[in-house]
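One structure below.
In what follows, every chain begins at residue 1, and chains take the letters A, B, ... in the order their sequences are listed.
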Amino acid sequence: MEQVEVPPFRYTAEMANRIEARWQDYWRQNGTFHAPNPVGPLADAQHPRYGAEKMFVLDMFPYPSGAGLHVGHPLGFIGTDVFARFNRMAGRNVLHTMGFDAFGLPAEQYAVQTGTHPRKTTEENIERYRAQLSMLGLGHDPRRSVATTDVEFYRWTQWIFLQIYNSWFDADQKKARPIAELEAQLAHLPASERRKIVDSKRLAYVSQAPVNWCPGLGTVLANEEVTADGRSERGNFPVFKRNLKQWMMRITAYADRLIDDLDVLDWPEPIKLMQRNWIGRSTGAYIDFSSIRVFTTRPDTVFGATYMVLAPEHAKVDELVADEWPDGTHAVWTGGHATPREAVAAYREFTASKSDVERQADAKEKTGVFIGAFAMNPVNGAHIPIFIADYVLAGYGTGAIMAVPGQDERDWEFAEVFELPIIRTVEPPASFDGKAYTGEGPAINSGFLDGMDIAQAKAAIIEWLEARGFGEGAVTYRLRDWLFSRQRYWGEPFPIVFDEHGNAIALPDSMLPVELPDVADFAPKTFDVNDADSEPETPLSRAKEWVEVELDLGDGPRVYRRETNVMPQWAGSCWYQLRYLDPTNEQHFVDPANEAYWVGPLSGKPSGGVDLYVGGVEHAVLHLLYARFWHKVLYDLGHVSSYEPYQRLYNQGYIQAYAYRDDRGAVVPAEEVVEEQPGIYVWNGQKVDREYGKMGKSLKNVVTPDEMCSQYGADTFRVYEMSMGPLDVSRPWDTRAVVGSQRFLQRVWRAVVDEHTGSTVVSGDPAPVEVKRLLHKTIAGVREDMAELRFNTAIAKLIELTNALTKLDGTPRDVAEPLVLMLAPFAPHIAEELWHRLGHAGSLTYVDFPQADPAMLVDATVTYPVQVNGKVRGRIEVAADAGEDAIRAAALDAVSIVDAKKVIVVPGRLVSVVA
RNA sequence: CCUGAUAUGGCGCAAUUGGAAGCGCGUCGGUCUUAGGAACCGAUGAUUGCAGGUUCGAGUCCUGCUAUCAGAACCA
């Protein structure tokens, strides 16, 4: 199969690899991608882009996996690199680098599996990851790379934690303020009382509350890390609710700003929607039914409340439950139990026995039981029965609802099962024949509200309730405070110690960093995955000599006990992009001048933030919500000038791959499968079935960038990934198609370099005018595509231009040079090489990207198709500036029609004749 | 069940404000050639998911449906 004779200067994989190594060395030695800061050690007034318009391009913080990269991983990295390189050539000062999110569960689990210390495996993995990425020729500024596990990095993570801990949220000003200002306000109180109040207001606080305990991982988890069916996102272990003492972050204080500020961000709508849903703001009212406070979004329907429902766990249930069934209690209400107490106990046992999955599967069948007590509807004095039912959740609102079956589908279903009365309080349209009606309409059966529309009625009833002390307007959220501690080893230690009374004390900044101690046994204590009653045990608590520490915190040396929980993986990724801006600064986590330059607010972008942030959708509510929260705290405290971290967000798609199974269902290696006929796949002589999914070891369909680089070269690989389709759409990998991209680069190469002699073959003759026009059309189109990240269409245009070029006898320099420059963002190594062979010294990184000449974008003559009754019957060629009458006449002449009913001339497009 | 996205030659994708359905890969043929090839030249290939509607004109706008993918999970 080997070629007998390949021209010595053909652009083969070997040639590509030589060129790539040469230019990567050049970039490294010359610091080509160093981006100058305004101030500090990274400032460089000699840099061609010093002080220019800035552009901060960011990839989501990768976790350096021990498994290595497959071809799907670099997709976004290549996309940001293309964008960054284009913007450098377009005159901007571009900051692009990459660091590593190296703390956290996966790193620790990998270390436990391999029996080595997580620091060692993490550092090895980072090295391996860097080596794999460096082959691709990404234009990163290596001076700015950080890892969350660097002591100098997490020193500042701890510092930010202290900022948050030492703040409180002023609800009037709607912003965080230093805790010292609150202490000053409470100066009149005794110290112990003041401390209690202050501690209860901190943005980071310790609470004893129901949390997600995951015995299989041996740690607690944030709500965001638990899947809808009650399992851990990482590892898929069961998760149980346990009352435990844990660190929390008061993210709920920022719920409104986290929702409202989405409006100024350039993010995909689906992501904004997911954040809004997760925060789950609902406006309505609290209403008191006797001693029970409910939350409702529909206070206007209160006249239709015919019963109440409490969550089975509601604190008031035990107090309210009656000793005996009241006279005349419906049989269906009792669940067949002799007394309300028995019924309540039995129902609680029934709901506790159901897993979350079962609860959801059973959601359509309403269950519940009457507790034998009644409450009074404050608007009409009606005594309505109180039920407990699992369709009301303890964690939302007040854990109690007024049930209005007329306007709520769930309440209607419940009312049908328990034979409860139904009163409509909004008049449905005559055509409505459903059950609960949730649409617009005038109020009915509602006393003084009758006739009002929903909005009017809501306002009126809230005013009425407030005037009489029966309730108040209110806003509730689905968002809970963020559970911030983990019972693991591989994370940032808290800069917190406890005194002999168990009071938490923040360490002063001067005692940072608190270094993670080396321990022999870093494995977390894990339990049987279903052992809900197990107790978390932190690995750090075993490091006795570290935990017990003598410090002088102002009142002489005393012995304290260190906090032994660690921070969750999300901590470092909440602020890493700020450290990229000023990675060597030892005085500040980022210098204010550098922060203002790179991410400060600009006109049209009031929030400031990263100019382009590329990553997968899977971080929609975890990382992106936490990072926004931290950033806002830093903004409130005056540490940053931007109030959002990421101005423009772009979600890349995934590269997926086919996998094949034989008739026993066993996966066979995908690369050994051949397609004998369309749709018929064969492996080792046997027919196999094809399926589509993620790329991974278990499906035996992994293709690595290493293989692609050695078989085709990095530039071919980059061009292929970028030309496969729009960046935000998932697409299947197809190794056989990569060759198309290689042929394209070979054609470009051949246009400039003689394959046999290696000499440069461009001519000084001007290009034919039609090629010249195509060139300028291509420039204009590629520039537009670049701004919108439409790399696939940009490449398609370059291919068309190249194909037009290969048809010419010689390659004119005035086309070859702009083509090479436009190719550079996608295939930087070959472009640098060709640029060099075209006689230019140095790198093209900061050479101006070609500009289209507007005069070349309009043709001298225009060809119009002539349609008759919608069918093309002829074409005419007229001068581009011809008047409409002339075009009309020429068109009618061309199709030999004299008595057209109507003639439509679309300038520059076509002529349509209605005969 | 709800929400959102997508549907265009065999495959992957284009098509500006509604204005000539294109590109690349594959396939086929030819050139060069002892041969091979990732070289060169040329060609084949579409009822734009389905059914209606608006329009001189619809891939594009409107209505209804189907399929695939993703997300949400009784949030009062």
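When the C1' atom is compared between B:G26 and B:A38, the two are found 14 Å apart, to the nearest whole Å. The separation of B:U27 from B:A21, taken at their P atoms, amounts to 29 Å, rounded to a whole angstrom. A distance of about 16 Å separates the C1' atoms of B:A14 and B:A20, rounded to the whole Å. B:U60 sits 8 Å from B:G49 when the P atoms are compared, rounded to a whole Å. On the C1' atoms, B:G9 is 15 Å away from B:A15, given to the nearest whole Å. Taking the C1' atom of each, B:G10 and B:U44 are spaced 12 Å apart, rounded to whole Å. Separation of the C1' atoms belonging to B:G30 and B:U66 is 45 Å when rounded to the nearest angstrom. Taking atom C1' on both nucleotides, B:G22 is separated from B:C32 by 30 Å, rounded to a whole Å.
Rounded to an integer number of Å, the gap from CZ of A:Arg276 to C1' of B:G71 is 15 Å. Atom CD1 of A:Ile799 and atom P of B:C13 are 15 Å apart (whole Å). Atom P of nucleotide B:A7 and atom CZ of A:Arg731 are separated by 14 Å, given to the nearest angstrom. Between the NZ atom of A:Lys272 and the P atom of B:A5 there is a distance of 15 Å, given to the nearest Å. To the nearest angstrom, P of B:A5 lies 20 Å from CD of A:Gln652. Rounded to an integer number of Å, the gap from CG of A:Leu727 to P of B:C13 is 13 Å. The distance between atom NZ of A:Lys366 and atom P of B:C1, rounded to the nearest whole Å, is 16 Å. Atom C1' of nucleotide B:A76 and atom CZ of A:Phe414 are separated by 14 Å, given to the nearest angstrom.
B:G64 is paired with B:C50 under the Watson-Crick or G-U wobble criterion, all donor-acceptor distances under 3.5 Å. The partner of B:G24, taking Watson-Crick or G-U wobble pairs whose two distances both stay under 3.5 Å, is B:C11. Shown here, B:G57 forms no base pair; nothing in the strands shown gives a Watson-Crick or G-U wobble contact with both key distances under 3.5 Å. Using Watson-Crick or G-U wobble geometry with both donor-acceptor distances under 3.5 Å, B:G29 finds its partner in B:C41. Taking a pair to require two hydrogen-bonding distances under 3.5 Å in either a Watson-Crick or a G-U wobble arrangement, B:C2 pairs with B:G71. When Watson-Crick and G-U wobble pairs are counted only if both distances are under 3.5 Å, B:G36 pairs with no nucleotide at all. B:U16 makes up no base pair with any nucleotide shown, lacking Watson-Crick or G-U wobble contacts both under 3.5 Å.
Of the listed nucleotides (B:G4, B:C74, B:G26), B:C74 has the atom at the smallest distance from the side chain of A:Asp390. Out of B:A38, B:A73, B:A76, the shortest distance to the side chain of A:Tyr396 is found at B:A76. Distances from the side chain of A:Arg10 to the nucleotides B:A76, B:A39, B:C13 place B:A39 closest. In the set B:C13, B:C75, B:U3, B:U3 carries the atom at the smallest distance from any side-chain atom of A:Leu273. Side-chain proximity of A:Tyr391 to the nucleotides B:A38, B:C74, B:A14 is greatest for B:C74. With B:A73, B:A14, B:A39 as the choices, the nucleotide that has an atom nearest any side-chain atom of A:Arg743 turns out to be B:A39. When each of B:C75, B:G4, B:G24 is scored by its nearest atom to the side-chain atoms of A:Arg410, the top-ranked nucleotide is B:C75. Side-chain proximity of A:Pro732 to B:G12, B:C25, B:G19: nearest is B:G12.
Residue-level contact check: A:Asn277 touches neither bases nor backbone, having no heavy atom under 4.0 Å from any strand. Counting any heavy atom pair closer than 4.0 Å across all strands shown, A:Glu800 reaches sugar-phosphate atoms only and no base atom. Contacts of A:Ser741 with the nucleic acid, taken as non-hydrogen atoms under 4.0 Å apart, are absent. Residue contacts shown for A:Gly397 are absent, as no nucleic acid heavy atom lies under 4.0 Å away. As judged by a 4.0 angstrom heavy-atom cut-off over every strand, A:Val906 is placed among the base-contacting residues.
Residues satisfying the salt bridge (Lys or Arg N to Asp or Glu O under 4.0 Å) test with A:Arg293, not counting sequence neighbours, are A:Asp288, A:Glu472.
A:Arg424 places no side-chain N or O within 3.5 Å of a backbone atom of A:Ile422 that could act as its donor or acceptor partner. Judged by distance alone, with hydrogens and angles left aside, the side-chain atoms of A:Thr296 form a donor-acceptor pair with the main-chain N or O of A:Arg298 at under 3.5 Å. Without hydrogens or angle criteria, A:Asp481 side chain to A:Ile251 main chain gives a donor-acceptor distance under 3.5 Å. Without hydrogens or angle criteria, A:Thr301 side chain to A:Gly304 main chain gives no donor-acceptor distance under 3.5 Å.
A close approach under 4.0 Å does not occur between any side-chain nitrogen or oxygen of A:Ser730 and OP1 or OP2 of B:A70.
Below 30°, between 30° and 60°, or above 60°: for A:Phe826 and A:Phe791 the angle between ring planes is above 60°, a perpendicular geometry. In this pair, A:Phe350 and A:Tyr347 present their aromatic rings tilted. The plane angle is within the 30 to 60° band. Taking the six-membered ring where the residue is Trp, A:Trp749 and A:Tyr11 present tilted rings, their angle falling between 30° and 60°.
Both tests hold for A:Lys366 against A:Tyr391: distance to the six-membered ring centre under 6.0 Å, angle to the ring axis within 45°.
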Can you check nucleotides 53-56 of chain B for protein contacts, nitrogen or oxygen pairs under 3.5 Å, and list what you find?
{"unit_1": "B:C56", "atom_1": "O2", "unit_2": "A:Ser912", "atom_2": "OG", "d": "2.5"}

Show me the protein contacts with nucleotides 40-47 of chain B, counting only N or O atoms at under 3.5 Å.
{"unit_1": "B:C40", "atom_1": "OP1", "unit_2": "A:Arg750", "atom_2": "NH2", "d": "2.7"}

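The environment of A:Lys272 atom NZ is dense: over 12 non-hydrogen atoms of other residues, nucleotides or ligands sit within 6.0 angstrom.
Checked against a 6.0 Å centroid threshold, the rings of A:Phe414 and A:Tyr307 count as neighbours. Annotation: A:Phe295 is in aromatic contact with A:Tyr286 [ring centroid separation under 6.0 Å].
Heavy-atom nearest nucleotides on RNA chain B were determined for A:Thr296 and for A:Gln746, and the one closer to the 5' end corresponds to A:Gln746. Residues A:Asp734 and A:Trp278 both approach RNA chain B. Their nearest nucleotides, taken by heavy-atom distance, put A:Asp734 toward the 5′ side.
Side chains of A:Val392 and A:Leu310 form no contact here, defined as non-hydrogen atoms less than 4.5 Å apart.
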